[in-house]
Amino acid sequence: MLILGIETSCDETSAALVENGKAVHANIIASSKLDFERSGGVIPEYAARRQLECILPVMTECLKAAKCTEKEIDAIAVTYGPGLLGSLLVGTTTARTLAWLWNKPLIGVHHHQGHLDSIWLDQTEEISFPILTLSVSGGHTELWLRESHTTQTQIGSTRDDAAGEAFDKGALQLGLPYPGGPELAKLAMSGDEHAYDFPVPLAHEDGLEFSFSGLKTSLKYLLRDLGVDAEKHFADIAASYQHAICMHLVRQTKRALEKHPEIKEVHIVGGVSANTRLRDMLKAQCDNVTIRWPQTLAYCTDNGAMIAAAAFFTQNKAVWSTQASAKM
Ligand code: KG4
Ligand code: ZN
């Protein structure tokens, strides 16, 4: 089953062709991130206009890269939400038009479901449920207990900022360009992560929630206290700040594992799963379970392939596609 997946929920425009939820034939991504270096964040109206320009060339390039014609496509999948309204409209309108024009079924996919199923892309190993998934991106931070592709419970989420947002807002304070997560991670590589003692959030609470807004404030006060000298210590500050974010994510994941000893497999997905320090810390501290992250960096951040994968794994649920179409 070959599915065309379309993703336009934030500042990416992506189209992908994926066979049976795993084999990626093409995954084309156009990003307007660089346009937002000066603003320090996405300007929704501008992102949607860029997506309108990009969507058809991206689609054409995808079919060309996969050496495929529309006749071979079995269904079209598209992110219906959550995301920026104008951006989502570009993707859903394109998908609905193509589905009508080519007479294909249309499957609406929740963006978070796409991240959850991104692990299966180009995966050759057998993955077995139950799974604990830590989904960390610029818009959400969630812990999911998954019994199957369609039976899953969210057991933790953030009270305020998302983990990626904590990276991005921290990076902005250190004068790094948007999107700050990868930039801060790069700077942290040359720093000492024990140089500054950022408080790990919710350390004395028992639940599985996350909170990052306090960290951002701690960073603000540290920079204020260091004054003109701060810049000399930016690498150490970045490393210590990153360490606190990762520590919080790892601690809550470990707590979830303690509460659910039946889990033998932990996945990290979403943009922040690209962070190598987070991967290393999880591996080191959760050593009695299998830890996986998406096969490539392009599958960590937003992409059309994960939308096609999620559509494949949930398509048999008539209720899912009907609800999704109704929402569009
Ligand atoms: O999944 P994604 O592409 O979009 C959303 O659904 O939000 O995630 C983007 C987020 C941004 O906040 C970005 O800074 C963060 O993922 N990110 C990283 C890294 N690569 C991307 N954060 C930390 N380290 C990285 N290497
Ligand atoms: Zn995302």
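In listed order, ligands and their atoms are each counted from 1.
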Exercise. What does the angle at the Zn ion (ligand 2) come to, between atom NE2 of His111 and atom OD1 of Asp302, rounded to 10°?
Worked result: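 Rounded to 10°, it measures 100°.
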Open item on the list: Considering Gly271, Gly170, Cys300 one by one, which has a heavy atom nearer to atom 20 (N) of ligand 1 than any of the others?
Closed with: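 Among Gly271, Gly170, Cys300, the closest heavy atom to atom 20 (N) of ligand 1 comes from Gly271.
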Please indicate whether any nitrogen or oxygen in Gly138 is less than 3.5 Å from any nitrogen or oxygen in ligand 1. yes
query = Does any N or O atom in Gly180 lie less than 3.5 angstrom from one in ligand 1, N or O only?
reply =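 Not met; the criterion fails.
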Would you mind listing which atoms of ligand 1 come within a distance below 4.0 Å of any non-hydrogen atom of [X]?
X	value
His115	1 (O), 6 (O)
Gly164	12 (O)
Gly139	7 (O)

- Query: Which bit of Asp168 gets closer than 4.0 Å to ligand 1, counting heavy atoms only: side chain, backbone, both or neither?
  - Reply: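 Side chain only.
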(Q) Counting only heavy atoms closer than 4.0 Å, does ligand 1 sit against the backbone of Glu12, its side chain, both, or neither? (A)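 Contact part for Glu12 vs ligand 1: neither.
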Exercise. Name whichever N, O or S atom of His115 ends up nearest to the Zn ion (ligand 2).
Key: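 Going by distance to the Zn ion (ligand 2), the closest N, O or S atom in His115 is NE2.
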field: Flag for His149-Gln113: side-chain donor and acceptor within less than 3.5 Å
entry: no
Side chain to side chain contact (heavy atoms under 4.5 Å, CB included) test vs Val269 passes for just one of Glu142, His115, Met306, Arg292, namely His115
Quiz item: After noting the C-alpha distance and the side-chain angles of Glu53 and Arg49, does the key distance pass the salt bridge (charged side-chain N to carboxylate O under 4.0 Å, His left out) rule?
Solution: CA-CA 7 Å; Glu53 289 162 7; Arg49 285 187 203 176; over 6 Å; no
* Does a side-chain heavy-atom distance below 4.5 Å link Cys68 with His25? ->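 Answer no - side chains too far apart.
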Has Thr141 got a side-chain atom pairing as donor or acceptor with Ala163's backbone, closer than 3.5 angstrom?
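Present.
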request  = Output yes when Glu61 and Lys64 qualify as a salt bridge under the 4.0 Å nitrogen-oxygen rule, no when they do not.
outcome  = no
